[in-house]
Amino acid sequence: MDTAGTNIAPAVNGWFAAHARDLPWRRAGFSAWGTLVSEFMLQQTPVVRVVPRLAEWLDRWPTPASLAAVPPGEAVRAWDRLGYPRRALNLHACAVQITQRHGGIVPRDVDELLALPGVGPYTARAVAVFAYGDRHPVVDTNVRRVIARAVDGVGEAGPTATTRDLAAMDALLPLDDADARVFNAGAMELGAVVCTARSPRCGECPVAAKCAWRAAGYPAYDGTRAPRQKPFEGSDRHVRGLIMAELRASDVPVTIAQIDSLWTDDVQRSRSLAGLVTDGLAVVSDGGYALP
DNA sequence: CACCCGTGGAC
DNA sequence: TGTCCAAGGGT
């Protein structure tokens, strides 16, 4: 009999073949550019909010060159309320680099992908695997949780440790490229819809019989946790969000008076606005502020 | 490694 | 009702 948590790929892949959600980026013929765009949008934004925005985006900018041809502010505006607008800026910068340095083709090599702005360990491998079919471990928050539970026998994954996380997934990865690709997608899907952070649906889990956490009786997690998220209300992120919403909504430069009306605390408002300028999300224009 | 970066929905 | 969570990445 197998050790708990080992060789879970066949069960995961079998389950995925029967239960995978019908998502746009899983359509046959979905482009590498579409994959890159979708992965950017999925960085900390739920699938249900990404799907409609992704369709609009790819309809408007079906290639890197088409996005590279417009000002970055257009990308930020189209990003709308997906959150973390610097992702839109980075995606536009990706489009420029891909157009100028890669002949308009999204790179396939992981190191070349990692060199693109806003592309980290997850996104680089997700593109190489899902768009090009190469064999790499793809580790996101879902995969980390599945491995923590099924393999390590603990309820939560704890803080990210990229090198260790990649090695852990690599150890589970089937040797065949196509099987590895399915397993990457399947482990992610399993974490997203069955092995969820709260109230996991173990009765529907294809790995339940091999799950080390289940076998141990679901012990409460006592390890180190990821740092708590600070309250959003009244935070700089809140103020930045208010300012960005104002910039997105306006076709002309937003006046200082308009920005001043958004938040009463002068120090925090000024700090937030300066941060947006530093980040390239806002530029001075005709004495006011506008998208870049 | 700790902290920062938006936004909205679920419990 | 406040906390947690979401296909992360940059500094």
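Labels below follow one simple rule: chain letters A, B, ... track the order of the sequence lines, proteins then strands, and each chain is numbered from 1.
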Discussion item. Just to verify, what does A/Y84 make a side chain to side chain contact (heavy atoms under 4.5 Å, CB included) with, not counting sequence neighbours?
Written reply: A/Q44, A/R87, A/R237
Response to the item:
So, with a heavy-atom separation below 4.0 Å from DNA chain C, the residues of residues 194-207 of chain A are A/A197, A/R198
Worksheet item: What are the residues of residues 122-142 of chain A, sorted by number, that bring a heavy atom to within less than 4.0 Å of DNA chain B?
Response: none
Worksheet item: Quick one: does A/W79's side chain have a donor or acceptor within less than 3.5 Å of a partner on A/G83's backbone?
Response: yes
Worksheet item: Which residues in residues 151-187 of chain A have at least one heavy atom lying under 4.0 Å from any atom of DNA chain C?
Response: none
Practice prompt. Scan residues 86-99 of chain A against DNA chain B and write down, sorted by residue number, each residue with any heavy atom closer than 4.0 Å; if none is found, say none.
Written response: A/R86, A/R87
Worksheet item: In whole Å, what is the span from the CZ atom of A/R240 to the P atom of B/dT7?
Response: 10 Å
Practice prompt. Identify the 5'-most and 3'-most nucleotides of DNA chain C with at least one atom closer than 4.0 Å to a non-hydrogen atom of chain A.
Written response: C/dT3 to C/dG10
Discussion item. Among residues at least two apart in sequence or on other chains, which ones pass side chain to side chain contact (heavy atoms under 4.5 Å, CB included) with A/V239?
Written reply: A/I243, A/W263, A/Q268, A/S272
Worksheet, complete the sentence: Applying side chain to side chain contact (heavy atoms under 4.5 Å, CB included) to A/R81 and not counting sequence neighbours gives A/A245, A/R248
Discussion item. Give the residues of residues 14-47 of chain A touching DNA chain B, defined as any heavy atom closer than 4.0 Å, sorted by residue number.
Written reply: A/Q44, A/T45
Worksheet item: Where along residues 265-279 of chain A does a heavy atom fall under 4.0 Å from DNA chain B?
Response: none
Worksheet, complete the sentence: Hits for side chain to side chain contact (heavy atoms under 4.5 Å, CB included) against A/R144, two or more places apart or cross-chain, chain-then-number order -> A/V139, A/A157, A/T160, A/D165
Worksheet item: Got a sec, which residues hit salt bridge (charged side-chain N to carboxylate O under 4.0 Å, His left out) with A/R271, two or more places apart in sequence or on another chain?
Response: A/D236
